[in-house]
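Counting convention: from 1, in listed order, for ligands and their atoms alike.
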Amino acid sequence: MPGLIERYRDRLPFAPGDPVVSLDEGATPLVLAPRLSERAGTEVWLKLEGANPTGSFKDRGMTCAVSAAVREGSHAVVCASTGNTAASTAAYAARAGLRGAVIVPEGKIATGKLAQALMHGARVVALRGNFDEALALVRELAREQPISLVNSINEFRIEGQKTAAFEIVEALDAELDALCIPVGNAGNITAYWRGFKELGARPRMLGFQAAGAAPLVRGAPVAHPETVASAIRIGNPARWEEAMDAMSSSGGAVEAVSDEQILAAYSFLARSEGIFCEPASAASVAGLLAHGAGDAQRVVCVLTGNGLKDPQTALEQAGAVITCEPELDAVERAVLQ
Ligand SMILES: *Cc1c(COP(=O)(O)O)cnc(C)c1O
């Protein structure tokens, strides 16, 4: 299978013959969620972006950003990240044979993402500051050095990520009334809206932020964003205006969900739908359950990343392991009770 640049080349800024750095990203599952549909009172589909090569949707943008970096002759790629961009940057840099460097907020990134960035051989810099500060610093760094910045302020990221909207339109034959999506730095909602518009689809864009990191809901940056959903712990989204435009011109909205609502949706998806996403991803479903989707008949919730990224939060939420003597009786009791 070719990656998404090959599949959608006619809609992406890459000519035949341009270098392509791919791990066969995209073409992720879109599954009907019967129990969630019942609870939400509308037909709900889940777009499983955790099925991408490094476990999050960031790979869609990264194949384009890193391919463009190679085309431009860059020797290194750098990003600021709450975790998944770091994992994806590190993997695609390794694939391309480029140096990768990632700046993450110290102590604030999920274990799996850190393991990925380190395993792929990236320089991992833990900043004594938050994501917004990290982003300001890498922007400056990329201005002064011949390094490609691969955060979602990079246009190629948005171009790659819009392909998720193409896949949804193709799979549902454009029959879709609303899209629920978590919003952090606001690149992804911008990308989906661009993708839908290119194909003439206009689902309502419903963006959800964590209550402790909800600048778009408040209408002002948040100096010290806090939430269990580390991937959306962002106080000053880079794509602020574009995200607001996507929501207002589609007749959508931006709303906040509490950490409690996020964790409840996270557990519900795992137990009742068999889908293990990360906490930030569950904000889309938490938002749908808390705020509804108006009169939408068919809704897609984007599950942005894989649950294995953040085993700590999972173990804090899940039930305990049952210890047992190596005897049939004891095992029977342990299994059936
Ligand atoms: C990056 C990320 C988000 C937020 O996407 P933005 O483009 O920053 O709004 C949400 N969930 C996960 C798992 C992510 O990695």
Side-chain angles (χ1 to χ4, degrees), residues 25 28 46-62 65 79-89 91 102 104-105 108-110 112-114 116-117 131-132 134-135 150-155 157-162 164-165 179-195 205-210 213-217 225 227-244 246-247 254 257 262 265-266 269 275-287 301-310 313:
E25 54 295 307
T28 56
L46 302 170
K47 182 67 171 161
L48 306 187
E49 288 293 281
N52 276 297
T54 77
S56 85
F57 74 83
K58 299 299 198 297
D59 296 342
R60 292 182 185 273
M62 207 54 73
C79 70
S81 176
T82 59
N84 281 330
T85 300
S88 190
T89 298
V102 305
V104 298
K108 298 281 189 184
I109 107 164
K113 305 174 187 180
L114 186 59
Q116 288 178 289
F131 171 83
D132 301 287
L135 182 57
V150 295
N151 277 100
S152 59
I153 53 177
N154 180 320
E155 267 306 300
R157 283 278 309 276
I158 304 300
E159 284 292 300
Q161 287 170 211
K162 78 184 179 186
L179 184 91
C180 297
I181 182 169
V183 177
N185 215 21
N188 212 25
I189 191 167
T190 299
Y192 270 87
W193 184 232
R194 187 183 294 178
M205 303 295 285
L206 302 174
F208 298 105
Q209 299 202 290
L216 299 183
V217 180
T227 166
V228 67
S230 56
I232 52 172
R233 194 184 281 143
I234 292 174
N236 192 10
R239 300 248 176 203
W240 189 304
E241 276 81 28
E242 286 157 286
M244 294 313 290
M247 292 181 274
V254 61
V257 283
I262 289 173
Y266 171 65
L269 286 168
I275 292 164
F276 186 22
C277 65
E278 61 175 289
S281 310
S284 60
V285 170
C301 292
V302 183
L303 297 183
T304 45
N306 194 301
L308 291 170
K309 295 272 192 177
D310 186 357
T313 304

If you measure from each non-hydrogen atom of Lys309 to ligand 1, which part falls under 4.0 Å: side chain, backbone, both or neither?
neither

Residue part near ligand 1, for Arg239, under 4.0 Å between non-hydrogen atoms
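Near ligand 1, Arg239 shows nothing, with every heavy atom at 4.0 Å or more.
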
Once rounded to the nearest 0.5 Å, what's the spacing between atom CZ of Phe208 and atom SG of Cys301?
8.0 Å

Among all protein heavy atoms, pick out the one at the shortest distance from [atom]; state its residue, atom name and that distance to 0.1 Å.
{"atom": "atom 5 (O) of ligand 1", "value": "Phe57 CZ, 3.4 Å"}
{"atom": "atom 8 (O) of ligand 1", "value": "Asn185 N, 2.7 Å"}
{"atom": "atom 7 (O) of ligand 1", "value": "Asn188 N, 2.8 Å"}
{"atom": "atom 11 (N) of ligand 1", "value": "Thr304 OG1, 2.7 Å"}

Would you say Glu25 and Asn52 are linked by a side-chain donor-acceptor pair, where the criterion is simply a distance under 3.5 Å?
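No, no side-chain donor-acceptor contact under 3.5 Å.
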
Proximal atoms of ligand 1 relative to [X] (non-hydrogen, under 4.0 Å):
{"X": "Lys58", "value": "1 (C), 2 (C), 3 (C), 14 (C), 15 (O)"}
{"X": "Gly187", "value": "6 (P), 7 (O), 9 (O)"}
{"X": "Ile232", "value": "3 (C), 4 (C), 10 (C)"}

Would you tell me which option among Ala110, Ala186, Ala86 has the nearest heavy-atom contact to atom 6 (P) of ligand 1?
Ala186

Does the residue Ser152 have a heavy-atom contact with ligand 1, meaning some pair of atoms that are separated by less than 4.0 Å?
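No.
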
Test item: Asp310 side-chain N/O and Glu278 main-chain N/O as donor-acceptor pair under 3.5 Å:
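A pair under 3.5 Å: no.
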
